[in-house]
Participant: 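Sharing a structure with you now.
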Amino acid sequence: MKHLKAIGIKFIIMATILLSIVSVFEFVSVAEIIVMSAILTLAAYVIGDLWILPKMGYVAATIGDLFFSYASVWLLLYVFLGTAFPITTASIYIAIIISLTESVFHIYMKEKILEGEVNKNIRRSNMQTVQTEFAEEPHTDKKRLKKNSYPQQDEN
């Protein structure tokens, strides 16, 4: 249920951004923008919020969202609208705004949605890097050690 709430919040953010920028052009329907928002929301949620964010952190997830948003918005605008208007410029603006809002959304995700899952991943990754060293000490031979074998300092 937590993930559905997060997807709903993310969908509202994506739909608002896409509606505010893409709807400026007259030949774009609201239904097309809603479908683009749904596709972008689901893909970005799985890739950015469930895969990159728990493993790499806030900065990597935000940078990943920036590039993923640009590429996916450009592709969706090209598929749905063609090249009738400058999709590259619109994709850049949309990607920048999405990455700015995603940085705030990532804080919400890590604190409210992924709180237990992130700790499990961190514990698991730390346990894989722990190693035990087994070695013999070179000075453990009692025959070689003498009582005064170490030099003593003068107490002046």
Side-chain angles (χ1 to χ4, degrees), residues 1-140:
M1 192 65 182
K2 295 187 301 185
H3 290 286
L4 291 177
K5 181 179 177 183
I7 290 172
I9 292 170
K10 190 173 185 94
F11 176 75
I12 291 170
I13 292 170
M14 297 289 184
T16 304
I17 293 169
L18 286 174
L19 278 168
S20 63
I21 293 177
V22 178
S23 65
V24 171
F25 306 101
E26 299 117 20
F27 52 88
V28 181
S29 70
V30 175
E32 290 175 336
I33 295 174
I34 297 297
V35 169
M36 285 190 282
S37 300
I39 293 170
L40 184 62
T41 299
L42 292 175
Y45 187 76
V46 170
I47 293 171
D49 299 330
L50 296 181
W51 187 53
I52 296 175
L53 180 63
K55 291 181 178 22
M56 297 182 202
Y58 295 118
V59 176
T62 303
I63 292 171
D65 278 334
L66 175 71
F67 290 112
F68 177 76
S69 296
Y70 171 73
S72 59
V73 167
W74 186 89
L75 182 68
L76 288 170
L77 288 177
Y78 181 77
V79 167
F80 280 96
L81 307 175
T83 57
F85 69 95
I87 58 175
T88 304
T89 308
S91 299
I92 290 171
Y93 289 135
I94 290 170
I96 290 171
I97 294 170
I98 286 174
S99 66
L100 290 175
T101 58
E102 284 289 316
S103 62
V104 177
F105 184 73
H106 290 158
I107 296 170
Y108 168 76
M109 278 293 293
K110 214 160 190 183
E111 289 180 3
K112 303 290 184 188
I113 307 300
L114 299 175
E115 59 189 339
E117 296 171 23
V118 171
N119 293 336
K120 288 178 189 174
N121 287 337
I122 290 172
R123 267 186 265 141
R124 230 180 267 135
S125 66
N126 285 343
M127 293 304 291
Q128 292 172 353
T129 60
V130 175
Q131 294 181 356
T132 304
E133 180 179 338
F134 295 102
E136 292 184 25
E137 297 296 325
H139 301 291
T140 58

Participant: Would you list the pairs meeting side-chain hydrogen bond (donor to acceptor under 3.5 Å, both in side chains) in which at least one residue belongs to residues 8-22, sequence neighbours left out?
Facilitator: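 Listed once each, the pairs are K10-D49, K10-E102.
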
Participant: With sequence neighbours excluded, tell me which residues meet side-chain hydrogen bond (donor to acceptor under 3.5 Å, both in side chains) with Y45.
Facilitator: H3

Participant: If the test is side chain to side chain contact (heavy atoms under 4.5 Å, CB included), which one of I98, I12, V22, L40 qualifies with I17?
Facilitator: I98

Participant: To the nearest 0.5 Å, what is the distance between CD1 on I97 and CG on L18?
Facilitator: 10.0 Å

Participant: Any idea which heavy atoms bring A95 and L66 closest together, and the distance?
Facilitator: O-CD1, 3.5 Å

Participant: Any chance you could measure I7, atom CD1, to K2, atom NZ, to the nearest 0.5 Å?
Facilitator: 13.0 Å

Participant: Would L114 and L50 satisfy side chain to side chain contact (heavy atoms under 4.5 Å, CB included), going step by step from the backbone distance to the final call?
Facilitator: CA-CA 8 Å; L114 299 175; L50 296 181; 4.1 Å; yes

Participant: Just grab all the salt bridge (charged side-chain N to carboxylate O under 4.0 Å, His left out) pairs involving residues 64-77, residues at least two apart or on different chains.
Facilitator: none

Participant: Which residues pass the side chain to side chain contact (heavy atoms under 4.5 Å, CB included) test with V30, not counting sequence neighbours?
Facilitator: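 For V30 the side chain to side chain contact (heavy atoms under 4.5 Å, CB included) partners, ignoring immediate neighbours, are L19, I34.
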
Participant: With sequence neighbours excluded, tell me which residues meet side chain to side chain contact (heavy atoms under 4.5 Å, CB included) with V104.
Facilitator: none

Participant: Output all residues satisfying side-chain hydrogen bond (donor to acceptor under 3.5 Å, both in side chains) with T62, sequence neighbours left out; order by chain, then residue number.
Facilitator: H106

Participant: Could you give all pairs that pass the salt bridge (charged side-chain N to carboxylate O under 4.0 Å, His left out) test and reach residues 11-21, with sequence neighbours left out?
Facilitator: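 Sorted result for residues 11-21: empty, none.
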
Participant: For a quick test of reading the model, state the closest non-hydrogen atom pair linking S91 to I87 and the distance between them.
Facilitator: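 In terms of heavy atoms, the two residues are closest at OG-O, 2.6 Å.
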
Participant: Can you name the side chain to side chain contact (heavy atoms under 4.5 Å, CB included) partners of I52, sequence neighbours left out?
Facilitator: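 Residues passing side chain to side chain contact (heavy atoms under 4.5 Å, CB included) with I52: I47, M56, A60, A61.
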
Participant: Identify every side-chain donor-acceptor pair in residues 71-79 under 3.5 Å, counting partners at least two apart or on other chains, and give the distances.
Facilitator:
from: S72; atom 1: OG; to: F68; atom 2: O; distance (Å): 2.7
from: S72; atom 1: OG; to: S69; atom 2: O; distance (Å): 3.4
from: W74; atom 1: NE1; to: T88; atom 2: OG1; distance (Å): 3.4

Participant: List the residues meeting side chain to side chain contact (heavy atoms under 4.5 Å, CB included) with K5, not counting sequence neighbours, and say none if there are none.
Facilitator: I9, Y108

Participant: Measure the CE-CD1 distance between M109 and I107 for me, rounded to the nearest 0.5 Å.
Facilitator: 12.5 Å

Participant: Write out all pairs satisfying side-chain hydrogen bond (donor to acceptor under 3.5 Å, both in side chains) with one or both partners inside residues 30-43, taking only residues at least two apart or from two chains.
Facilitator: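 Passing the test, one end in residues 30-43: no pairs.
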
